[in-house]
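Below: the structure, in structure tokens.
Side chains are part of it too, since the values below use all heavy atoms of this structure and drop only hydrogens, waters and symmetry mates.
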Amino acid sequence: MNKNSNLQSYPRQQSYLKMLIAACFGTFLEWYDFLTFGALAVTFGPLFFPSNDPSSSLLASLATFGVGMIVRPIGAAFFGSMGDRIGRKPVFMITISIMGIATLLVGVLPTYAQIGILAPILLVSLRILQGFSAGGEIGGGAIFLAEHAGEKNRGFKTSFLQLMGPFGILASTLQITLLQGWLSTEEFQAWGWRIPFFVSFLLLLLALYFRRTLEETPAFETLKKENIKTEGQLINNFKNSEIRKKMLLLFFCLSGGGAVLFFCSQVYLPIFLKTTVKLSTELVDQLSVFSTIFLVLTIIFAGWLSDRIGRKPVVTIGLILGAALILPAFWLMQKIGLHAPITRVDILSISSTMLGLSFILGLLGGPQAAMLAELFPAKSRNSAATFPHNLAAGWIGGTLPFVVAWINHMQENNLSGLCYPAIFLLISAILSYCFLPETKR
């Protein structure tokens, strides 16, 4: 292990458990807020972007979701450098507060029918604020836990942070499903969609309560004691050829590949099933819950496996499987949707395909948090890891649903756009196999 990595400290199990709960709760809220917006993309279309063409409304709603992802690297650059300069804990408190307030404001936002063009402008502005704060949180949480985890079983111990994405999806999906079951379509469209954003504010208060008990990481405390200056580390990272190379590999192999698989299987897939395969919203949400639960188990397994055989083999296998199977999976589901009525066998085939995609995603998610920290030295770790991680998630993953839908719309083919993520995963798999270093030890 790099002597400058400062990951070798091993706190008491009770102490790490405390850190894990506090960090995970806040990251869960970030994902819950962020993904509730994605889950309501179909609902937001007619409310904030009314059009005679339903496809245009959906594209506008997906574009708004993508805007929040695009600004994530800006937040990562800002908060990542701040985390290297003033510490990991203060940044945690700032980012979660911004996200919670922005999400609450979305819940009270008037619609297009009430205030006209100002409604989508405000919605996009709040989405940008969400993305800005998420850039500092997502990635930074992995650094925080890895620096507290010590060396032994780091992949397994930090994999629990990666569960917050699936849990965020699960919570937002379950909540929306229950609301749609309790309320009529008219009631949900009129005011029911606002409830998840109000719930978010209550979660914010709990997250702030837990996070105030967090301790600064041993790695950053060591930097302070040794008086190692960390100002301007993001710029220095690009000047260092070794760090720059690892940032590039992180962008393509781990973060970019993971983002593509995440948004294909967890964000775009439910939209595809509702709009192209023509499954009912209730059925899609139920299937999404089961696949998300399976994803949770896969992530823990992959984190454990990376402690046994290494991070690189697990990540590379996930990328290869994703490149090979993403197009056939969507083709199969579209083929099922072409004949009606949908039978139980068809539903079983669709659910099995969703589980397969979740398994592939889990292979990248399990080792991710550990590798983010292990790739870089402590003084530049927060900025070096969070910037490419959020750049990939924002510019590659966040825009993916819109780009795929746009290519499909232009080509008048519901599968054409999926060539883009398939090619990206193929490139990532080749780079991972040839150049990605093993970071386990």
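- With a 6.0 Å radius and a threshold of 12 heavy atoms from other residues, nucleotides or ligands, Y433 has its OH atom at or below the threshold.
- Looking only at distances, no side-chain donor or acceptor of T158 sits under 3.5 Å from a matching main-chain atom of A146.
- Contact annotation: the side chain of L183 approaches that of W191 to within less than 4.5 Å [non-hydrogen atoms, C-beta and beyond].
- Considering only heavy atoms from C-beta on, Q266 comes within 4.5 Å of S358 through its side chain.
- Remark: side-chain polar atoms of E438 are paired, donor with acceptor, to backbone N or O of R311 under 3.5 angstrom.
- Although no hydrogens or angles enter the test, the distance criterion places a donor-acceptor pair under 3.5 Å between the side chain of N240 and the main chain of I243.
- Counting only distance, with no hydrogens or angles, the side chain of N390 and the backbone of G135 share a donor-acceptor pair below 3.5 Å.
- In this structure a side-chain-to-backbone donor-acceptor pair under 3.5 Å is missing from S432 to A429.
- We find the CG-OG distance between L295 and S291 to be 7.5 Å, quoted to the nearest 0.5 Å.
- Aromatic ring pairs are classed by plane angle as parallel below 30°, tilted from 30° to 60° and perpendicular above 60°; the pair F387 and F238 is perpendicular.
- Atom-to-atom distance recorded for L375:CG and T439:OG1 is 5.5 Å, nearest 0.5 angstrom.
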Review point. Going through the checks in order, is the side-chain contact (heavy atoms from CB on, under 4.5 Å) test met by I320 and T316?
Key: CA-CA 6 Å; I320 293 172; T316 304; 4.0 Å; yes
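- Crowding of F290 atom CZ: a count of heavy atoms from other residues, nucleotides or ligands under 6.0 Å not exceeding 12.
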Practice item. Check step by step if side-chain contact (heavy atoms from CB on, under 4.5 Å) holds for D285 and K274. Key: CA-CA 10 Å; D285 290 340; K274 294 173 186 177; 3.6 Å; yes
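- At distances below 3.5 Å, not a single donor-acceptor pair connects side-chain atoms of S255 with backbone N or O atoms of F251.
- Remark: W331 CH2 to I336 CD1 distance equals 9.5 Å, nearest 0.5 Å.
- In this structure, the side chains of T298 and L361 stay at 4.5 Å or more apart for every pair of heavy atoms.
- Here the shortest heavy-atom pairing between L109 and F48 reads CD2-CE2, 3.8 Å.
- With contacts defined as side-chain heavy-atom distances shorter than 4.5 Å, the pair V108/F197 does not qualify.
- In terms of heavy-atom proximity, V296 sits nearest to P166 at CG2-CB, 3.8 Å.
- One distance of note links CD1 of I430 with CZ of F435; it measures 10.0 Å at 0.5 Å rounding.
- F376 is listed as a side-chain neighbour of L250, based on a closest heavy-atom distance under 4.5 Å.
- Closest of all the heavy-atom pairs between G80 and T386 is CA-OG1, 3.7 Å.
- Atom OH of Y420 sits in a crowded spot, with more than 12 heavy atoms from other residues, nucleotides or ligands closer than 6.0 Å.
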Point to revise | I326 and L357: CA distance, side-chain angles, deciding distance, side-chain contact (heavy atoms from CB on, under 4.5 Å) verdict | key: CA-CA 8 Å; I326 198 77; L357 292 176; 4.0 Å; yes
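- One finds the CG atom of L105 at 10.0 Å from the CD atom of Q130 (value rounded to the nearest 0.5 Å).
- The closest side-chain heavy-atom distance from S200 to L104 is not below 4.5 Å.
- In this structure L248 satisfies the side-chain contact (heavy atoms from CB on, under 4.5 Å) test together with F252, sequence neighbours excluded.
- Pairing each heavy atom of S288 with each of P270, the nearest pair is OG-CG, 3.9 Å.
- In this structure a side-chain-to-backbone donor-acceptor pair under 3.5 Å is present from S306 to G303.
- Between L279 and V284 the shortest heavy-atom distance is CB-CG2, 3.7 Å.
- Using cut-offs of 30° and 60° for the angle between ring planes, the W193 and F44 rings count as perpendicular.
- Among K440, R154, R381, the one residue that satisfies the side chain to side chain donor-acceptor pair (under 3.5 Å) test with E374 is R154.
- Residues Q175 and I195 are in side-chain contact: their nearest non-hydrogen atoms beyond the backbone lie under 4.5 Å apart.
- Summarising the local packing, CH2 of W182 is surrounded by 12 or fewer heavy atoms from other residues, nucleotides or ligands at distances under 6.0 Å.
- Side-chain contact check for L287 versus I347: some heavy-atom pair is nearer than 4.5 Å.
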Practice item. Check the pair F330 / T276 against side-chain contact (heavy atoms from CB on, under 4.5 Å), numbers first and verdict last. Key: CA-CA 10 Å; F330 278 83; T276 301; over 6 Å; no
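- The CG atom of N408 sits 4.5 Å away from atom OH of Y268, with the distance rounded to the nearest 0.5 Å.
- Side-chain N or O atoms of K312 include one that pairs as donor or acceptor with a backbone N or O of L436 at under 3.5 Å.
- A distance-only check finds no donor-acceptor pair linking the side chain of R72 to the backbone of G131 [under 3.5 Å].
- Among all heavy-atom pairs drawn from Y32 and A171, the shortest one is CD1-CB, 3.9 Å.
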